[in-house]
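These notes concern the structure reproduced below.
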Protein chains: 2
Amino acid sequence: MSPRNSSRTAGAGRASTDLDGAGRAGGAGAGVVADGARPARMSSEERRAQILAASIAVFGAKGYDGATTDDLAQAAGVSQAYVVRMFGSKQGLFMAAMESVADRLEVDFRAALDEADAALPVGATDEQRTHARKEAMSVAYLRLLQERGLHLTMQHAFLRGGDPAIGPVARASFGRIWRFIREDAGFDAEFGKSFLSYGMLLNTLIGLRMVDTDGTGEADELLALCFPDLDAVAGVVPRADERW
Amino acid sequence: MSPRNSSRTAGAGRASTDLDGAGRAGGAGAGVVADGARPARMSSEERRAQILAASIAVFGAKGYDGATTDDLAQAAGVSQAYVVRMFGSKQGLFMAAMESVADRLEVDFRAALDEADAALPVGATDEQRTHARKEAMSVAYLRLLQERGLHLTMQHAFLRGGDPAIGPVARASFGRIWRFIREDAGFDAEFGKSFLSYGMLLNTLIGLRMVDTDGTGEADELLALCFPDLDAVAGVVPRADERW
DNA sequence: CGTTGCGGTAATCAGTTGATTACAACCGAC
DNA sequence: GTCGGTTGTAATCAACTGATTACCGCAACG
């Protein structure tokens with residue numbers, strides 16, 4: 001009966017009425033294009049990446065239960081039916097998103113450590129090296145705030161340990177990060193604990209949208225302690241009024 | 001048409017997780033009773049407390065979006081319509097639950113500090129006293145694991161900063177705890193930060209249901225570091241297979 | 001040329017779910 | 001004993017949502 005929620009259909013508008021110019025887009029490039037933009041056909045691999053990125057943003061803002069497959073689809077610019085089919089289910093998409101997040105964390109951490117090593121002056125002590133590497137980890141973690149929703153998607157996943165399907169994936173992701181810190185990076189357990197603690201506190205402050213709520217200043221003393229460069233962060237972090 | 005989900009009605013549904021003693025005795029009988037038992041009429045104040053306790057357990061396990069008003073009602077042993085009417089809306093109930101959690105945290109922290117002071121040997125140094133008080137905070141926080149769902153309800157609330165109604169309540173609760181640590185308890189900001197960090201990491205591990213998943217042992221080195229008495233905790237914390 | 005496969009959507013279904021309404025049982029006060 | 005405020009419920013509504021189905025259009029290929 002009802003045409004379903006107005007925007008359940010795919011974003012780019014006119015789909016079926018395509019008859020007109022029907023133009024066609026430059027095949028090869030498959031650019032992101034904006035313009036008056038065509039729906040643009042792309043490889044399923046590209047679409048997959050696009051949907052994953054959009055999902056991370058949306059899941060981060062609304063959580064697993066709070067995000068509808070329609071939200072996800074709209075954010076990615078495709079139809080609701082498509083996301084469901086491509087990932088089998090909303091659950092499948094969430095698990096893929098979480099794995100994507102863990103991948104990204106590992107990649108960025110590894111790169112940060114390599115850079116820290118490369119930037120080390122010749123003849124630096126082990127202690128100096130370790131310190132630089134620890135610092136690099138934190139910086140990398142904060143820099144990832146630019147990846148919309150990454151921290152919060154992770155946080156939402158970490159609350160779903162009781163889900164028979166998602167739980168194992170979430171634990172595995174957490175486990176990977178821990179293993180990276182201990183084995184690949186070679187930090188001691190004590191640092192591992194405090195680094196993760198710090199990370200979870202940051203995630204919490206972000207989830208609370210405390211960075212920015214310039215009003216009350218509930219605990220901006222804590223904010224200042226947690227975010228070395230608060231101003232820089234404030235421009236990137238999700239705002240309180242931004243439902244998403 | 002359909003009589004709604006079988007258990008949407010109240011029925012003699014078992015009282016929530018909390019022992020029957022629950023909030024305390026007080027009232028004349030108000031037995032929880034089992035038997036063939038009548039639902040038993042109670043004062044709205046008692047009901048309110050009962051629903052709140054049940055809600056903390058359920059919201060902790062399923063989150064705000066994941067918990068249905070029917071889940072909440074069943075856990076409290078009342079009808080779905082009743083919880084909605086008593087708190088106005090599911091949102092209202094969640095906000096009340098979060099405030100209840102913050103109250104409980106503050107009360108227990110305060111009591112723990114008082115006890116620590118009382119237990120201090122005469123002539124103890126300031127440093128000894130501070131150390132004992134810090135230790136008492138952590139112990140109190142872990143002991144609160146017995147309050148089913150408290151940590152996870154908090155954690156869920158901390159992810160809803162973007163909600164126009166819940167966000168302010170969540171931030172206020174967090175702010176209260178921070179203010180308690182800094183002003184009432186008088187700890188320095190550095191401790192405040194590391195205490196909260198530790199707390200958020202604990203909440204994460206609990207949300208992941210990592211305590212217990214005896215299987216993989218993803219990161220039990222970390223668990224051992226975080227939980228001073230892991231065995232004691234394992235009996236209380238929600239298990240992975242326990243959807244709620 | 002046709003046909004086969006794939007990217008992609010509209011329409012729709014079936015099950016949920018928060019809220020509302022109307023009504024029932026109970027208890028204390030007068 | 002009955003009247004009124006409460007405690008509490010069954011039934012239902014209207015909206016939403018994840019998934020499924022059936023279909024469209026393009027491109028490459030033989």
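Lettering follows sequence order; numbering is per chain, from 1.
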*Hey, does the side chain of A/Ser89 come within less than 4.0 Å of D/dG18's phosphate (OP1/OP2), counting only N and O?*
no
*Between A/Arg104 and A/Asp108, is the closest basic N to carboxylate O distance under 4.0 Å?*
yes
*Measure the spacing between OH of A/Tyr64 and CG of A/Leu93 and express it to the nearest 0.5 Å.*
9.0 Å
*asked:* What I want to check is whether an N or O donor and acceptor connect the side chain of B/Arg85 with the base of D/dG8 at under 3.5 Å.
replied: yes
*What heavy-atom pair brings A/Ala219 and B/Trp178 nearest, and what distance separates the two atoms?*
CB-CD1, 3.4 Å
*Starting from C1' on D/dT20, measure out to CG on A/Asp70 and report it in whole angstrom.*
16 Å
*asked:* Any N or O donor-acceptor pair under 3.5 Å from the base of C/dC27 to the side chain of B/Arg41?
replied: no
*Given D/dG8, is OP1 or OP2 found less than 4.0 Å from the side-chain N or O atoms of B/Ser79?*
no
*Calculate the interatomic distance between A/Gln74 atom CD and C/dT9 atom C1'; express it in whole Å.*
14 Å
*When all nucleic acid strands are considered with a 4.0 Å heavy-atom cut-off, which category describes B/Ala73: base, sugar-phosphate, or nothing?*
nothing
*Quick one: is B/Tyr82 getting a side-chain N or O under 4.0 Å of the D/dT9 phosphate, OP1 or OP2?*
no
_Between P of D/dC16 and NZ of A/Lys62, the distance in whole Å_ = 12 Å
*What is the distance from atom CG of B/Leu105 to atom CD1 of B/Ile181, rounded to the nearest 0.5 Å?*
9.5 Å
*Report the secondary structure of DNA chain C in dot-bracket form, marking unpaired bases with a dot and bases paired to a different strand with |, and treating Watson-Crick or G-U pairs with both distances under 3.5 Å as paired.*
||||||||||||||||||||||||||||||
*Within this structure, what is the CD-to-P distance between A/Gln80 and C/dC13, rounded to whole angstrom?*
15 Å
*Find the distance between CG (B/Leu142) and SG (B/Cys226) and round it off to the nearest 0.5 Å.*
9.5 Å
_Separation of C/dG8 P from A/Phe87 CZ (nearest whole Å)_ = 12 Å
*When you match A/Lys90 and B/Ala81 each to their closest nucleotide on DNA chain D, which lands nearer the 5' end?*
B/Ala81
*Roughly how far, to the nearest 0.5 Å, is OG of B/Ser55 from CD of B/Gln50?*
10.0 Å
_Straight-line distance of A/His156 NE2 to B/Asp65 CG, nearest 0.5 Å_ = 8.5 Å
*Round to a whole Å and report the spacing from CD of A/Glu46 to C1' of C/dC6.*
14 Å
*asked:* Measure CD/A/Glu45 against C1'/C/dC6 and give the value in whole Å, please.
replied: 15 Å
*Run the salt-bridge test on B/Asp184 and B/Arg110 with the 4.0 Å N-O cut-off and return the result as yes or no.*
yes
*asked:* Between B/Tyr141 and B/His151, is the ring centroid distance below 6.0 Å?
replied: yes
*Identify which one of B/Leu201, B/Leu205, B/Leu196, B/Leu202 satisfies the side chain to side chain contact (heavy atoms under 4.5 Å, CB included) criterion when paired with A/Met200.*
B/Leu201
*Kindly point out which of D/dG8, D/dT9, D/dT7 is positioned nearest to the side chain of B/Ser44?*
D/dT7
*Can you list, by residue number, the residues of residues 93-101 of chain B that have a non-hydrogen atom closer than 4.0 angstrom to DNA chain D?*
none
*What is the distance, rounded to the nearest whole Å, between atom CG of B/Asp65 and atom P of D/dG18?*
11 Å
